[in-house]
Colleague: 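Next up is a structure, given as structure tokens.
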2 protein chains.
Amino acid sequence: MKTLEEVAQRAAVSLATVSRVINNQPHVRPAIRERVLSAIRELGYVPNAAARTMVTRRTNIVGLMLPQVTWDWYGGDGTFYPMLLQSVSNACTVNERHLLLSTVPPGNPQMAREVLGGGHIDGVIASMFASADPVINLIATSHLPAVLIGRNPYYPELSWVDVDNFSSAQEAVSYLVRQGRRRIATLMLGTEGQAGVQRRDGYTRALLNHGLALDPALLLEPSRSGDDGYAAMQQLLDLPNRPDAVFAAADGMALRALDAIRERGLRVPEDIAVIGFDDQPSASRAGPPLTTVRQPIMEMGTQATALLLRLIDAPEAGPLHMVLPTQLVIRQSA
Amino acid sequence: MKTLEEVAQRAAVSLATVSRVINNQPHVRPAIRERVLSAIRELGYVPNAAARTMVTRRTNIVGLMLPQVTWDWYGGDGTFYPMLLQSVSNACTVNERHLLLSTVPPGNPQMAREVLGGGHIDGVIASMFASADPVINLIATSHLPAVLIGRNPYYPELSWVDVDNFSSAQEAVSYLVRQGRRRIATLMLGTEGQAGVQRRDGYTRALLNHGLALDPALLLEPSRSGDDGYAAMQQLLDLPNRPDAVFAAADGMALRALDAIRERGLRVPEDIAVIGFDDQPSASRAGPPLTTVRQPIMEMGTQATALLLRLIDAPEAGPLHMVLPTQLVIRQSA
DNA sequence: TTGAAAGCGCTAACAA
DNA sequence: TTGTTAGCGCTTTCAA
């Protein structure tokens, strides 16, 4: 690997001058600047990141912590993390930052601890299922600039980007009511995270608003992976008084519900209307195409990165919060 | 941030001793080791990565370069990169390495150049569409330990992990012939990469083996993104002498082909048999469930990481090559 | 406008 | 077994 010194020698100047040229600092005569630039080009010199970091305390690396990349997300596409990752990666490239990705295995935050404490990164973006995930605590105590995807009730000092899950769910369920539905079930997310809590509460609030009865038999919480949504829908269909609509808090569950309904020979939306959440790619190709709440996933990643870069430059400006709009995409399932 | 020196002070020993403890070196009295360990724990000390890297010339970071994470891969799931990423990430965690992810925008390899030249990483895994992608050249000239996903005809000095695309395609098409198909079309991948070339050649070889005619009208190359596979299938159906089987080199294309066939009121597999490639999650949920060639994507990521770690420890051991087995998964579309 | 030199936190060679 | 010390490659005063 080439060093500053070799460049300096070749250009017949001092280390300091080469450093100035590299960092686009003033006070270098144009002729000399040119000479240095040529030397750099000829040598194929690239500054050593570690050495730079030692003195500047900057890495130009953004950390991203996820439970995983791929996921059998409620039996659906599981495109949430890939899209988030893609958008954060894009934003990093645009802003000339590198991206250090940590998928944190449950119960083993050792690598995460090292990333957070070892000066690897200038700041971190994290998206975890549970509000109480130990990784969030590590982040909070690291005092690194940080932005969460999804608000967190336990760490008000942390910045976040989120959608309004409460209102979005409320809007979706209200839409069902306006379509004449009176017995509306919900397939819930786990409530370890705020998304699950707020979508459930939005559902409840919509029923309350319209004076509809709250039937606990109509609230089901399928497990996150696998085709549990299918079994849950069957359970709903087996009810003596089956629902005429379902609000599924994830597209995967909605798709599995569609399967279960179709198998019973029931029609969607005539017999049962179905609404999903996320608008994953497969939603529009479902039979029938799924009405769903679209989350601006890519935008969340982009904005999270933007907030983080602001925090890195001005930590005292935090905590920063941003709520991005969702959109009810009406197709044919409701 | 805490430093070695603070730990040394607190434990009342020298820097060297603390360093020895951290790096699990011998020649430290157990009692002293304990004292140092306590100091580390009490201080919450984590070694500074940049400082370590400066002297050891090791980063413990693996680079991964991809065109992107999400992709509308021939109108399909596009789970290839997310799965690859997941498996590499897992393997890194298991081997106590961090992962630096670079999605390289077409025509802008600047960040990649910096990663490769700046001492950011100990080695790199890359998966590009085109064998002649400039990034591959950057990698080859960086002299960093590197492993490609997919063999490369231009850089024999590079290590790779791959499947046998030629034989896999040949096997799939031979299966169609054994099922009595005589007029077999193929929806090809782009041929800028070896996967596309070899799947096409395997298709051709199977026809040759069975003495079947090669009809250029039966070779179509849909574009990588979007629903082009749908239009391609329509084109095949419009042929005066339409095919009785289709070998699609990507599941996405196969799925779109299924759509086009269904719309014409034709039956699969009775009228036209369809085979895909990849076995993406949606393949098994298609109507009818797709017969396809399963690629061990996660295994490729795992093995690529393993090879890379070997190369990092012993660069002269390379180039290393590994061919992983595929499997023809027979479902109902053929 | 340029250069000399200190020092970032750590490891490793060498001395004790 | 433990400690002292010389750098690793760079940026950043400070002096010239």
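Chain identifiers are assigned alphabetically (A, B, ...) following the order of the sequence lines, protein sequences preceding nucleic acid strands; residue numbering begins at 1 within each chain.
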Colleague: Rounded to whole Å, how long is the line connecting atom CD of B:Gln9 with atom C1' of D:dG3?
Modeller: 15 Å
Colleague: Strictly distance-based, threshold 3.5 Å: is any side-chain N or O of A:Asp162 a donor or acceptor partner for the main-chain N or O of A:Val323?
Modeller: no
Colleague: With the sugar-phosphate defined as primed atoms, P, OP1 and OP2, and the base as all remaining atoms, what B/S/- string results for nucleotides 6-16 of chain D, 5' to 3', for protein heavy atoms under 4.0 Å?
Modeller: -BBBBBB----
Colleague: In this structure, how many angstroms lie between the P atom of C:dT11 and the NE2 atom of B:His27, rounded?
Modeller: 17 Å
Colleague: Taking ring pair (Phe, Tyr, Trp, His ring centres under 6.0 Å) as the test, write out the residues that go with B:Phe129, two or more places apart.
Modeller: B:Trp71, B:Trp73
Colleague: Locate the shortest heavy-atom distance separating B:Pro296 from B:Leu324; write the atom from each residue and the value.
Modeller: CG-CB, 3.8 Å
Colleague: Do side-chain atoms of A:Arg35 reach the backbone of A:Ala11 as a donor and acceptor pair under 3.5 angstrom?
Modeller: yes
Colleague: Keeping the roles fixed (side chain from A:Arg113, backbone from A:Val135), state whether a donor-acceptor pair exists under 3.5 Å.
Modeller: no
Colleague: Using a cut-off of strictly less than 4.0 Å, decide whether A:Thr17 has a side-chain nitrogen or oxygen near OP1 or OP2 of C:dG3.
Modeller: yes
